[in-house]
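Just so we're clear, the structure is a prediction, and the values are computed from it rather than from any experiment.
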Amino acid sequence: MKTAVGLFFTFLWSSAAIATKFGLYSTTPMLLATSRFLIAGILLFLFVYLISKKYPWPKKKEWKTLFVLGLLNTTIYLGASFWALNYVSAGLFNLFVTTNPFIVAFLSYIWLKRKVALQEWIGMIVAAVGLLIAIWPSISHSEVKGIGLLILGVGMISMAIGSVYFKKANLNLPNIVINTWQVLIGGVVLIPITFILEKDTYFLNLNYYLVGSLIWLVLVISIATMLLWFYLLKQDAVRANNWLFLTPIFGYVLAAIFLNETITFYDIIATVLVLSGLLLSGNIAIKSIKKFN
């Protein structure tokens, strides 16, 4: 069951890049990100508190944790990711994503006193090597600005800290309530940041690209996929982040289907190594797969 959830999560999460590319035909990165989070937050709020009416309001002591999660997981991580795409290639962005499990494992070892098994380290290294092989051709032929690397690095570190902080905080709230406030708070904080960063480059075209992109990013990614993410985090923060290794691989397949991008020999070799890494780290349970079949 956990393997099926993990695979489904990575498939949906990887589709965000495709939807974002379509959305960027019609507006700037930060404005697209802010619109996505505000719309998702408002829809979640309406469902949780006005339609369903069965979910609790956060207690006074829980607001601090929710604000920190919104800041780390939405404002900084996703905001930095969208902004960094102005300076770095998508290939390099995908490579940086693979550093997240290493950061989470290190922080969990220090903060949560979680012992990271040798097979987990070996699995992560094997998977990272596979992704490096897949992405290296695009990296070697692209120019990278230092500011882009810095922004991207800040985003990855923020997501890792947010993952460990969520596990340590152990909020006694339903996942949908946590996601509601995380997305809404993060989106509100992004409003002044977006104005500062894009006041001179802003443009907005209301067309099918923008509407389709926002529908997918809001309903599928910010709401459905984030609920799966919280489920995986509650099981184990390190293993949940290890699923991010598969995200670029699914991304290649979706890009080939929707953007007519070519799947290369490097991509195939990388897929084999990433799957091997996930098997070694314990993320894909062979017994679970046999039972499922």
Side-chain angles (χ1 to χ4, degrees), residues 1-16 19 36-37 40-41 43-45 47-49 52 54-56 58 62 65-66 68-74 77-78 97-98 100-101 103-105 107-108 111-112 114 116 120 123-124 127 156 158-186 216-247 249-251 274 278-279 281-289 291-292:
M1 179 61 181
K2 292 180 182 179
T3 298
V5 173
L7 288 172
F8 190 49
F9 161 77
T10 52
F11 173 77
L12 292 179
W13 192 254
S14 63
S15 69
R36 163 190 167 182
F37 302 138
L43 290 178
L44 282 167
F45 182 88
F47 173 78
V48 169
Y49 296 112
S52 177
K54 66 178 182 179
Y55 295 102
E62 294 171 330
T65 301
L66 290 171
V68 173
L69 287 174
L71 193 65
L72 291 173
N73 292 338
T74 302
Y77 165 56
L78 292 173
V97 171
T98 66
N100 193 268
I103 302 172
V104 170
L107 292 176
S108 296
W111 201 357
L112 302 180
R114 179 195 187 277
V116 181
E120 290 181 287
M124 287 189 288
M156 294 301 110
S158 180
M159 183 183 182
I161 295 175
S163 298
V164 179
Y165 180 77
F166 173 77
K167 185 68 176 180
K168 185 176 178 63
N170 194 26
L171 283 171
N172 188 27
L173 288 170
N175 289 345
I176 193 170
V177 174
I178 298 173
N179 193 33
T180 296
W181 292 108
Q182 171 185 269
V183 172
L184 193 56
I185 291 172
W216 188 265
L217 290 173
V218 169
L219 298 181
V220 177
I221 305 302
S222 290
I223 297 178
T225 309
M226 283 306 298
L227 292 177
L228 292 177
W229 176 241
F230 283 126
Y231 169 80
L232 293 171
L233 282 178
K234 284 188 174 181
Q235 306 305 309
D236 190 304
V238 173
R239 291 191 175 186
N241 278 271
N242 281 349
W243 283 109
L244 293 174
F245 278 126
L246 268 183
T247 303
I249 304 303
F250 277 115
V274 168
L278 287 169
L279 283 168
S281 66
N283 277 292
I284 296 180
I286 299 297
K287 292 183 179 179
S288 297
I289 295 177
K291 290 181 180 179
F292 181 75

Student: Output yes when a side-chain donor or acceptor of S52 lies under 3.5 Å from a complementary backbone atom of V48, and no otherwise.
Tutor: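 Flag not set: sc S52 to bb V48 has no pair under 3.5 Å.
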Student: Answer whether the closest heavy-atom distance between the side chains of L44 and L184 falls below 4.5 Å.
Tutor: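 Contact flag for L44/L184 side chains = no.
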Student: Find the distance between OG (S14) and CD1 (I221) and round it off to the nearest 0.5 Å.
Tutor: 8.0 Å
Student: For a 4.5 angstrom cut-off between non-hydrogen side-chain atoms, does L7 reach W243?
Tutor: yes
Student: Within a radius of less than 6.0 Å around CZ of F11, do more than 12 heavy atoms belonging to other residues, nucleotides or ligands occur?
Tutor: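 For F11, atom CZ is not crowded (no more than 12 foreign heavy atoms under 6.0 Å).
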Student: Rounded at 0.5 Å granularity, tell me how far OH in Y231 sits from CG in L228.
Tutor: 9.5 Å
Student: Rounded to the nearest 0.5 Å, what separates atom CE in M159 from atom CG in N73?
Tutor: 7.0 Å
Student: Which distance, rounded to the nearest 0.5 Å, do you find between the OG of S15 and the CZ of F250?
Tutor: 11.0 Å
Student: Spell out, as yes or no, whether a donor-acceptor pair under 3.5 Å connects the side chain of N175 to the backbone of M226.
Tutor: no
Student: Are the side chains of V5 and F8 in contact, using a 4.5 Å heavy-atom criterion?
Tutor: no
Student: If I compare all heavy atoms of V183 with all of A40, which pair ends up nearest, and what's the gap?
Tutor: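 Reported closest heavy-atom pair: CG1-CB, 3.8 Å.
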Student: I176 versus F47: any side-chain heavy-atom pair under 4.5 Å?
Tutor: yes
Student: Would you name the heavy atoms of L217 and A16 that are closest together and state the gap between them?
Tutor: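 Of all heavy-atom pairs spanning L217 and A16, the closest is CD2-O, 3.8 Å.
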Student: I need the W229 CH2 to T10 OG1 distance, nearest 0.5 Å.
Tutor: 11.0 Å
Student: So, using ring pair (Phe, Tyr, Trp, His ring centres under 6.0 Å) as the criterion, who are the partners of W13 when residues are at least two apart?
Tutor: F9
Student: For F37, enumerate each residue passing the ring pair (Phe, Tyr, Trp, His ring centres under 6.0 Å) test, keeping only those at least two apart in sequence or located in another chain.
Tutor: none
Student: Answer yes or no: is there a donor N or O on one side and an acceptor on the other, between the side chain of Y49 and the main chain of P56, under 3.5 Å?
Tutor: yes
Student: How far apart are the C-alpha atoms of L171 and L69, what are their side-chain angles, what is the distance that settles it, and do they pass the side chain to side chain contact (heavy atoms under 4.5 Å, CB included) test?
Tutor: CA-CA 11 Å; L171 283 171; L69 287 174; 4.0 Å; yes
Student: Any side-chain heavy-atom pair from L43 and L219 closer than 4.5 angstrom?
Tutor: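 Heavy-atom side-chain distance check passes, below 4.5 Å.
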Student: What I'd like to find out is whether the side chain of Q182 reaches to under 4.5 Å of the side chain of F166, using heavy atoms alone.
Tutor: no
Student: Indicate the atoms forming the closest heavy-atom contact of G41 with T180, along with that distance.
Tutor: O-CG2, 4.2 Å
Student: I want to check something: taking the side chain as every heavy atom from C-beta on, are L66 and L173 in contact at a cut-off of under 4.5 Å?
Tutor: yes
Student: What distance separates I178 CD1 from N172 CG, expressed to the nearest 0.5 Å?
Tutor: 9.0 Å
Student: For Y165, enumerate each residue passing the ring pair (Phe, Tyr, Trp, His ring centres under 6.0 Å) test, keeping only those at least two apart in sequence or located in another chain.
Tutor: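 Y165: no ring pair (Phe, Tyr, Trp, His ring centres under 6.0 Å) contacts found.
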Student: Looking at every non-hydrogen atom in both residues, tell me the closest pair between V220 and T225 and how far apart they are.
Tutor: O-OG1, 2.6 Å
